[in-house]
Amino acid sequence: MADGRPQSGAAAGEETRRDDRDRDQAAAAAAGGAGPQERAEEPEADLPPEEDDTCSDYGSRDKPGTALGRTVPDGNVLFPDIFQTDHLLFYERFKAYQDYILADCKASEVKEFTAEYLEKVLEPSGWQAIWRTNVFEVLVEVVDVEYSALKAVVQLSEPFLCESQVSTFTLECMRELLELKEHQIPLQELWAVYDESGEFDQTALAIEHVRFFYKCIWRTWDEEEEDDFDYFVRCVEPRLRLHYDILEHRVPSGLVADYQNLLSQCEELYRKFLNLRSSISSSDSDSEVENISMVEGLKLYEKIEHLKQKLKLIENPLLRYVFGYQKYSGLQAKGLRPTGTKITHVVSSTMMASLLQSLIRDKLCPESYGEELEIQFHSDPLAAVNACYEGDTVIICPGRYVVDGVFCIADSIELEGYGLPDDIVIEKWGKGDNFVDCTGANIKISSLKLVQHDAVEGILNVHHGKTTLENCVLQCETTGITVRTSAELLMKNSDLYGAKGAGVEIYPGSTCTLLDNGIHHCKEGILIKNFLDENYDIPKITMVNNMIHNNEGYGVVLVKPTISSDVKDLSAEKREGNTQPHPGGERVCAEGFRHEELPECVTDELELYEQAEISEQTESNYEIANELGATSARKSQMRKKRLSELGITEADDNLMSQEMFVSIVGNQFKWNGKGSFGTFLF
């Protein structure tokens with residue numbers, strides 16, 4: 001494909017660029033290529049001398065013997081061992097593609113640059129390989145290499161070794177097949193036979209780099225993309241990072257499935273587009289049928305471009321989670337079971353007679369429910385939750401359960417442990433997924449201990465509806481609990497610790513009630529997201545008798561933008577007297593809220609707490625409540641100003657009186673690194 005560059009300038013640039021690259025590759029060939037380095041999060045451009053020396057030892061011919069491992073081929077035929085090259089680390093592949101193979105080539109130059117690389121490192125003959133397809137495997141000997149076509153010229157080895165899913169692939173059939181292919185086989189279909197001398201290490205590695213590139217990195221439409229950008233930076237690096245992030249379970253499983261589906265759809269549509277374009281270009285007529293085909297081609301092209309943009313979003317490590325979080329917010333509830341029945345699911349790794357008797361006495365007694373119970377038994381809590389419909393109950397017996405997946409709860413169910421939380425432990429392995437995602441209207445989780453290992457996502461995410469968490473222990477790895485816009489969390493008598501972010505994140509427009517909890521040993525205790533934007537609603541927050549201690553930063557953090565000049569006067573007024581009336585006629589103070597606005601389940605508790613004497617922590621409680629209330633007042637003032645600018649002098653009472661509902665009572669803040677309360681300005 002022509003790139004539109006002046007030929008004379010392009011030719012000169014090409015010569016200079018290739019001369020530089022040839023010198024680098026000559027040095028690399030002498031040194032033996034990239035070495036086995038542990039994967040770095042961000043590859044460094046300049047390595048220290050000692051690391052570079054380590055790289056040069058990898059597959060070096062200056063040292064006797066091979067530096068690569070060997071593996072035994074699967075199957076019943078006794079094929080010779082092959083080089084093990086499919087477990088290369090991220091940095092090994094990154095360095096090979098960036099420094100030795102692709103450099104700064106354009107998409108249209110990929111095949112040419114790859115051929116030049118192979119000419120320098122690939123042995124042209126004298127080595128054996130296993131030729132693998134989806135149908136058969138056969139041992140061949142390489143007698144020549146067609147570098148420009150990325151193919152090897154082969155002949156059948158003696159003795160003839162072949163394994164096939166069908167019995168028709170005899171020696172004669174293979175000879176005929178090779179004749180049809182003119183004895184030329186794509187390099188990525190060859191697996192080099194192991195050799196202890198080390199002479200063919202670079203050959204095995206080169207074939208692996210080509211095979212991996214065309215299997216995992218290259219897209220059939222890449223060559224038609226704009227050719228004005230560095231192909232490695234634009235496409236190779238983000239796709240390589242995504243590949244290893246998936247291998248290391250750093251990407252949510254749902255997002256991985258989405259990516260694979262999008263890729264398959266795009267490839268299928270692109271094949272149709274190529275066929276349609278070919279049929280149009282081969283026709284000389286200007287018929288109505290051709291016009292229709294052109295319209296269809298334009299529609300296909302638009303669909304392909306849309307899918308390509310989605311793929312790029314996921315390939316971009318900064319944007320993929322913006323796209324990925326949409327996955328869970330759209331979980332669909334099953335609703336009631338078609339038969340109308342509700343089932344109690346019992347989870348236990350082993351069911352003893354004594355345990356069953358206790359369950360029947362305490363939980364499964366028909367008299368307690370007034371009707372006959374239908375019971376299902378499971379050994380995996382994730383399978384039990386996935387089998388639930390609206391109104392079901394899951395009872396988890398004492399034990400340690402290890403799950404590899406996400407608890408996606410979209411129906412109103414109850415998930416309860418039978419015993420103390422420390423006796424009912426659910427552990428989550430796998431870096432990419434949340435532990436629990438809730439979108440049901442009324443979800444209850446009680447008496448469980450949730451433990452994360454090596455995670456990069458939060459432990460519990462409330463997207464929609466109400467989730468009640470009672471008498472639970474949450475051992476976090478990254479973020480703790482996230483309460484998203486329009487969602488509601490009621491957390492009682494629970495213990496949360498270990499989050500590398502905030503223990504609880506409260507989004508604008510959400511409702512969060514925290515009663516008698518411990519939140520400790522996190523980066524921040526509670527983080528309240530900015531809600532001053534005009535598109536955000538004010539959250540409702542109730543915090544009563546919580547112990548927030550030993551967090552690295554603040555006990556409570558409010559995120560907000562720098563105050564604009566048009567509301568500074570109001571801010572000063574609020575600081576002078578925090579009991580001044582709001583635009584809607586209400587007041588903000590630590591306990592000055594109407595009980596009828598509180599959730600019914602906490603009214604009685606609050607009445608008891610408000611009768612208690614003021615403790616040494618009262619100052620911190622007042623400080624948090626007053627700052628949140630003042631911020632709420634600023635938002636109301638900003639709304640009023642905007643309405644006034646639009647000529648609206650009498651606004652709707654509900655709109656103008658909207659403010660943060662805050663009750664901060666009886667909480668204790670101890671040993672937090674930066675203090676009880678702080679604000680983060682941006």
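Keep in mind the model is a prediction, meaning the values are calculated, not measured.
The shortest distance between side-chain heavy atoms of L448 and P421 does not fall below 4.5 Å. The shortest distance between side-chain heavy atoms of V483 and N461 does not fall below 4.5 Å. With contacts defined as side-chain heavy-atom distances shorter than 4.5 Å, the pair I528/V559 does not qualify. Within the 4.5 Å cutoff, side-chain heavy atoms of L496 are placed close to those of C476. The shortest distance between side-chain heavy atoms of I526 and I519 falls below 4.5 Å. You'll find the side chain of V556 reaches within 4.5 Å of the side chain of M543, heavy atoms only. Contact annotation: the side chain of I426 approaches that of F407 to within less than 4.5 Å [non-hydrogen atoms, C-beta and beyond]. At least one side-chain heavy atom of I375 sits less than 4.5 Å from a side-chain heavy atom of L364.
Between the CZ atom in F677 and the OH atom in Y554 there is a gap of 9.5 Å [rounded to 0.5 Å]. One distance of note links SG of C266 with NZ of K310; it measures 11.5 Å at 0.5 Å rounding. Once rounded to the nearest 0.5 Å, the distance linking CG of L373 with SG of C365 reads 8.5 Å. Going from atom CZ of F377 over to atom CG of L356 covers 5.5 Å, rounded to the nearest 0.5 Å. Atom OG1 of T511 is separated from atom NZ of K466 by 9.5 Å, given to the nearest 0.5 angstrom. Note that the OG1 atom of T439 and the NE2 atom of H463 stand 7.5 Å from one another [nearest 0.5 Å].
Side-chain atoms of S264 come within 3.5 Å of backbone atoms of Q260 as a donor-acceptor pair (strictly under, hydrogens ignored). The backbone N or O of L515 sits nowhere less than 3.5 Å from a side-chain atom of N545 that would complete a donor-acceptor pair. When atom types are taken as modelled, the side chain of S494 and the backbone of K492 share a donor-acceptor pair closer than 3.5 angstrom. Proximity of a side-chain donor or acceptor of N667 to a complementary backbone N or O of N546 within less than 3.5 Å is detected. Judged by distance alone, the side chain of D423 and the main-chain N or O of G419 form no donor-acceptor pair under 3.5 Å. Panel note: side chain Q452, backbone G458; a donor-acceptor pair is recorded below 3.5 Å. Between the side chain of N261 and the backbone N or O of A257 there is at least one donor-acceptor pair closer than 3.5 Å. Within the 3.5 Å criterion, the main-chain N or O of R337 finds no donor-acceptor partner in the side chain of T341.
Across all their heavy atoms, V347 and A384 have their closest contact at CG2-CB, 3.5 Å. Across all non-hydrogen atoms, the minimal contact from L355 to T350 is CD2-O, 4.2 Å. Contact between C397 and M351 at its shortest, heavy atoms only, is SG-CE, 4.4 Å. For the residue pair I548 and N672, the shortest heavy atom distance occurs at O-ND2, 3.1 Å. The two residues L450 and I459 make their nearest non-hydrogen contact at O-CD1, 3.7 Å. Residues L474 and C472 come closest through the heavy atom pair CD1-CB, 3.9 Å.
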Begin with the C-alpha distance, continue with both residues' side-chain angles, and end with the deciding distance and a verdict on side-chain contact (heavy atoms from CB on, under 4.5 Å) for C388 and V394. CA-CA 8 Å; C388 284; V394 179; 3.4 Å; yes

Under the side-chain contact (heavy atoms from CB on, under 4.5 Å) criterion, do V462 and D437 qualify, and how do the steps go? CA-CA 6 Å; V462 186; D437 277 299; over 6 Å; no

Is there a side-chain contact (heavy atoms from CB on, under 4.5 Å) between F680 and L558? Walk through the geometry before answering. CA-CA 6 Å; F680 178 78; L558 173 63; over 6 Å; no

Using the rule given for side-chain contact (heavy atoms from CB on, under 4.5 Å), can you reason through E627 versus T679, listing the C-alpha separation, both sets of side-chain angles and the distance that settles it, and then say yes or no? CA-CA 9 Å; E627 178 62 31; T679 56; 4.3 Å; yes

Determine whether Y401 and D380 satisfy the following criterion, side-chain hydrogen bond (donor to acceptor under 3.5 Å, both in side chains), listing intermediate values before the conclusion. CA-CA 7 Å; Y401 305 89; D380 178 19; over 6 Å; no

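Under 4.0 Å is where a charged nitrogen must lie from a carboxylate oxygen, and between E470 and K444 no such pair does. A salt bridge links E305 to K308: at least one charged side-chain nitrogen sits closer than 4.0 Å to a carboxylate oxygen. Between K500 and E477 there is a salt bridge, since a side-chain N of the basic residue sits under 4.0 Å from a carboxylate O of the acidic one. Under a 4.0 Å N-O distance rule, the pair E416/K363 qualifies as a salt bridge.
At most 12 non-hydrogen atoms from other residues, nucleotides or ligands lie less than 6.0 angstrom from NZ of K674. Atom NZ of K449 sits in a crowded spot, with more than 12 heavy atoms from other residues, nucleotides or ligands closer than 6.0 Å. Atom NZ of K303 sits in a sparse spot, with 12 or fewer heavy atoms from other residues, nucleotides or ligands closer than 6.0 Å.
The only member of H345, Q376, K342 that meets side chain to side chain donor-acceptor pair (under 3.5 Å) when paired with D392 is H345.
When only modelled atom types and interatomic distance are considered, H453 and E427 share a side-chain donor-acceptor pair under 3.5 Å. Donor-acceptor pairing under 3.5 Å is recorded for the side chains of E390 and S412. Between the side chains of N493 and N471, no donor-acceptor pair is found at a separation under 3.5 Å. Between the side chains of D411 and Y389, no donor-acceptor pair is found at a separation under 3.5 Å.
Residues H520 and Y497 place their aromatic rings such that the two centres sit under 6.0 Å apart.
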